[in-house]
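To start, the structure under review is shown below, and the notes come after it.
The structure displayed is predicted, hence computed values, not measured ones. First listed ligand is number 1; within each ligand, the first listed atom is number 1.
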Amino acid sequence: MRQKIKIAASILAANPMRFESEIKKVERAGIDLIHIDVMDGHFVPNITMGPFIIKGIKKITKVPLDIHLMITHPERYIKAFADVSGKGDFITFHIEATKQPKKVISLIKKAGLKAGISLNPNTKTKSIEKLLSTLDLVLIMSVYPGFDGQKFMPEVLPKISRLRSLAPDGLEIAIDGGITPENIPQAIKHGANIIAAASAIYKTEDPYKAVKTLKEIAKQAVKKTSCMN
Ligand code: DX5
Ligand code: ZN
């Protein structure tokens with residue numbers, strides 16, 4: 001069974017001096033998740049935000065968080081992130097970043113949060129297939145992680161179809177990187193139900209309007225996909 005379609009707004013492309021108003025704009029438009037890109041300058045060649053910022057964000061919004069950890073040794077930091085987040089929030093780590101994925105999943109779940117694993121574009125689904133029953137979410141990267149504003153890689157889409165065919169009921173499958181109004185229908189057709197976007201929301205003149213448009217496109221794409229099934 002397919003999960004509800006959700007749009008996640010990545011604040012990586014928002015104005016960091018105005019996170020509160022930037023988040024309110026998408027909240028008013030009915031955003032489903034706030035996607036937070038945590039980068040350590042080691043797993044990826046960029047450094048962004050950590051628990052300190054997330055603690056502040058939790059105070060200003062009730063929208064669930066989708067915390068995307070692009071950090072080496074996530075097992076060392078789950079507690080720090082769990083301490084500043086809450087029930088209903090996702091913590092997603094990269095399979096390439098740890099030798100102990102089972103331990104990381106259990107740390108996230110024991111903290112009462114939802115557990116996700118992300119795959120870089122060149123990582124095969126086989127690396128996580130055995131873990132699927134223990135996960136709440138799989139995040140397929142459609143760019144190499146590190147920066148917003150990169151070009152979508154359609155070659156990752158078959159990985160989504162494969163995972164959807166294996167997924168237990170209720171598994172959320174997210175796509176992240178280079179999302180535009182044009183490629184959302186393909187992602188949904190392949191079985192993604194969470195669409196994460198930074199530039200397509202925050203690098204537009206009106207993020208409120210952008211979210212409304214992405215939601216409408218997603219809704220239409222679901223209708224079309226269900227007609228074909
Ligand atoms: C990339 C991040 C993405 C990024 C997406 O490393 O994980 O979440 O913010 O940005 P856009 O939508 O601009 O490609
Ligand atoms: Zn991300």
Atoms of ligand 1 under 4.0 Å from any heavy atom of Pro145, numbered from 1 in the order shown, are 6 (O)
Can you list the ligand 1 atoms lying under 4.0 Å from a non-hydrogen atom of Ala197? 12 (O)
Under 4.0 Å between a Lys/Arg side-chain N and an Asp/Glu carboxylate O for Glu129 and Arg162? yes
In the protein, what heavy atom is nearest to atom 4 (C) of ligand 1, and what distance, to one decimal place, separates them? Asp37 OD2, 3.7 Å
Any atoms of ligand 1 less than 4.0 Å from a non-hydrogen atom of Gly146? List them with their elements. 1 (C), 6 (O)
Numbered atoms and elements of ligand 1 in range of Met70, under 4.0 angstrom, heavy atoms: 6 (O), 7 (O)
Protein residue, atom and distance nearest to atom 5 (C) of ligand 1, heavy-atom basis: Asp176 OD1, 3.7 Å
Are any of the heavy atoms in Ala13 under 4.0 Å away from ligand 1? no
Is the distance between the ring centroids of His68 and His94 under 6.0 Å? yes
Answer yes when Asp66 and Lys6 have at least one side-chain N-carboxylate O distance shorter than 4.0 Å, and no when they do not. no
among protein heavy atoms, the one nearest atom 1 (C) of ligand 1 is Phe147 O, 3.6 Å
Closer than 4.0 Å to some heavy atom of Asp148 - which atoms of ligand 1 meet that? 10 (O), 13 (O)
Any side-chain heavy-atom pair from Leu171 and Leu137 closer than 4.5 angstrom? no
Is there a side-chain contact between Val63 and Ile23 (heavy atoms, below 4.5 Å)? no
Say whether Ser10 and Asp37, considering side chains only, have a donor N or O and an acceptor N or O under 3.5 Å apart. yes
To the nearest 10 degrees, could you say what angle the Zn ion (ligand 2) makes with OD2 of Asp176 and OD1 of Asp37? 170°
Are Lys102 and Leu131 close enough that some pair of their side-chain heavy atoms sits under 4.5 Å apart? yes
What protein heavy atom lies closest to atom 12 (O) of ligand 1? Include the residue and the distance to one decimal. Ala198 N, 2.8 Å
Under 4.0 Å between a side-chain nitrogen and a carboxylate oxygen: does that hold for Lys55 and Asp83? no
Angle subtended at the Zn ion (ligand 2) by His35 NE2 and His68 ND1, to the nearest 10 degrees, is 100°
Show me which atoms of ligand 1 lie under 4.0 Å from any heavy atom of Gly149. 11 (P), 13 (O), 14 (O)
Donor + acceptor pair across side chains of Asn183, Thr180 (<3.5 Å): yes
Quick one: does Ile67's side chain get under 4.5 Å of Ser85's, heavy atoms only? yes
Considering only heavy atoms of Leu12, which atoms of ligand 1 have at least one such atom less than 4.0 Å away? 9 (O)
Side chain or backbone of Ser199 under 4.0 Å from ligand 1, or both, or neither, by non-hydrogen atoms? both
Numbered in order shown, the ligand 1 atoms found under 4.0 Å of a heavy atom of His35 are 8 (O)
Write out the residue and atom name of the closest protein heavy atom to atom 14 (O) of ligand 1, then the distance separating them to 0.1 Å. Gly178 N, 2.7 Å
Taking the basic N atoms (NZ, or NE/NH1/NH2) and the acidic carboxylate oxygens, is any pair closer than 4.0 Å for Asp206 and Lys25? no
From CA spacing to verdict: side-chain hydrogen bond (donor to acceptor under 3.5 Å, both in side chains), Asn15, Glu22: CA-CA 7 Å; Asn15 180 340; Glu22 294 280 69; 5.5 Å; no
With a 4.0 Å cut-off on heavy atoms, is Met39 in contact with ligand 1? yes
Counting only nitrogen or oxygen atoms and a 3.5 angstrom limit, does His68 reach ligand 1? yes
